Amino acid sequence: MSAVRAPAAEPPVQAAPAPSKPPKPFDRPRFLPIFTGAFFVFMFAPIVIVALFSFNSSKSLQRFEGFSLEWYRRFFEDESLRESLVASIQIATVTMLAATALGTMLAFALVRARSRWAGSANILMLVPLVTPEIVAAVSALVLFTQIGWQLSLETVMVAHITFSISYVTVVVRARLAALNPEVEQAALDLGATRWGTLRLVTLPELWPAIVAAALLTFALSFDDFVLSFFTTGESPQPLPVRIYSAIRFGVTPTINAIGTMMLTVSALLILLAIMLPRLLGRRESGLGVLVGRETA
Amino acid sequence: MNEAGEAIRFDHVTKRFGNMAAVADLDISIRQGEFFSLLGPSGCGKTTTLRMVAGFEQPSEGSIFLEGEPVERVPPYHRNVNTVFQSYALFEHLDVTANVAFGLKRRKVDSGEIRERVKEALELVQLTGRERSKPRELSGGQKQRVALARALVNRPAVLLLDEPLGALDLKLRKQMQVELKGIQREVGITFLYVTHDQEEALAMSDRIAVMDRGEVRQCGTPEEVYERPEGPFVAGFIGISNLLPATVENGGVKLPAGQRFPAPVPSECSDGSDVYLSVRPEKIWLDEREDGMVSVDGTIVERVYVGTTTQVIVELSPGVRLVALEQNAARQRSDDRWEIGQRVTLGWHPEHALVLR
């Protein structure tokens, strides 16, 4: 082929691309705020309605006819409901204290023990978090019946504590693993005994995580239904179980009042989780630990 | 057993982790009031040595004596030493005052004296005015000062410092070196200082132990380890390394490419043995001579301007290079004179060269 070659082209000067559209910066899709808004509406609208109708002066669940505290009064006049509320608070308090103590100790063992079983223990510890609660509940029931332990508030507490330990451990372990070992060595170096180091340095450093874990277990235990239902005795029953038996005979606005109060208590707990570390002069909040933010 | 004025003695101390000896047969003695540095690359055993003195590790063999007393059975909280940690390890939940007072409180010193000593310590490290700050509100340099005050306030027999300036930027590090040395002179406490920064060790120490793979390669004053390194490791680790492989011949040395010149060959090196020739860069003259100098020709291959000096890298034969340092004095700018590719003659006095086995 003897095609005449075109004269060698000038070194191609890169033509600047036509100044059509400037490159589009990454836009947040418009529908995201709508999604988020819808999420909040679906989540909170029923709760708001329950709270609203708890102040309804009539028994209607459709029409709001006027403000009254009638249903709250009825709740506090109903002795068995009141006993259930007290029982639930007792269960949640005992669960919180015991599970926090045990879970924190377990976290220490998992992070600090240089055992060849540590790896397996770390995984086993997570099992309660993924076990269907119904399975845990039935197992607990079978166990209590087999060993002849009369079902009562104590059996509910034991079941709740067992179930809650893992939650505490997960929260505290993360904080403990992030703790600089030199900080504890510094305390030993400065003359603190091992016990003194734990008391004066390690626990204060873990404090936000421990507070967060405690409040979390209180909330979990307070509104738990499945475990409570299977492990409780005749009377008094934990509040969620008591509510369940009540609505079998029809939903009354008293239920709305109870729901609103439980919601208020939970909200107060969250507020406490935020405020407590600050009141103690710490910038971190327990809530920050839960949502994965170190400083609030 | 105790020599007068001995702060720490390592008596044939070995520390093994599994099969690996992190510290092997350490046998040195540190005088009271001395600023003693353990210098070496990471993993050389210097931090392990420090941790054995603090009580966080136990020697596998041998003993450590603190002021003449063996300390094997003494837990960290009863040892009369304090540590300044690399990470500062401040107590985040306590303010500056409480951090500094921590050690005194554990010793049940009465509160009036604690207040007085904490105040003094904070003055010493120039942190007056930050008493109520939390560690998170302080800069790196200030945290460093708190860590120092927290240890010094206890007036330990020995202060252990584990790369205390490692996390600071260069300028602050230089400034803290001077301050730290001044503080040591003022309080008169023995400092055992761990660093991998040779310049830092040279600038601050009374004596340096150069460590490599668990062993002390040389122990001496900064001048000794710099001017008379015992072996290629020390010569290479301290200062810019100018190590040329060479062979002993007729009381002098021969380079691989055949250049021969006189050098102070130690008597135990016989003809034909393989050695290293070491010449410090600042002892090499470029294209200038004095009587009695040896001279070698080469080609400039690189020129690195570093402010006060210029490093000129000269290739004597393929792969054999020497670094020469030229002062950038007012009368000349060496980058005007030295061009890459230019032929030059290097010269040095034979007594400034070292022959190392």
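No experiment lies behind these values; they were computed from the predicted model shown. The chains referred to below are lettered A, B, ... by the order of the sequence lines, with proteins before strands, and numbering in each begins at 1. Basis for what follows: all heavy atoms, side chains included, without hydrogens, waters or symmetry-related copies.
For residues 188-198 of chain A, heavy-atom neighbours of chain B at less than 4.5 Å comprise A:Leu188, A:Asp189, A:Leu190, A:Gly191, A:Ala192, A:Thr193, A:Arg194, sorted by residue number. Scanning residues 41-62 of chain B against chain A with a 4.5 Å heavy-atom cutoff picks out B:Arg51, B:Ala54, B:Phe56, ordered by number.
B:Phe85 is listed as a side-chain neighbour of A:Gln185, based on a closest heavy-atom distance under 4.5 Å.
Across all their heavy atoms, B:Phe91 and A:Val201 have their closest contact at CE2-CG2, 3.6 Å. In this structure, A:Glu205 and B:His93 approach most closely via the heavy-atom pair OE2-ND1, 3.4 Å. Between B:Ala89 and A:Ala186 the shortest heavy-atom distance is O-CB, 3.8 Å.
Most heavy-atom pairs under 4.5 Å with chain A, from the set B:Arg150, B:Arg107, B:His78: that is B:Arg150. Among the candidates B:Leu94, B:Thr83, B:Leu90, the residue making the largest number of heavy-atom pairs closer than 4.5 Å to chain A is B:Thr83.
For B:Lys181, the NZ atom counts as densely surrounded, since its 6.0 Å shell holds more than 12 non-hydrogen atoms of other residues, nucleotides or ligands. Crowding of B:Arg207 atom CZ: a count of heavy atoms from other residues, nucleotides or ligands under 6.0 Å exceeding 12.
Here B:Phe102 contributes atom CZ and A:Leu200 contributes atom CG; the two are 5.0 Å apart, rounded to the nearest 0.5 Å.
Contact annotation for B:Asn154: only side-chain heavy atoms (C-beta onward) come within less than 4.5 Å of a heavy atom of chain A.
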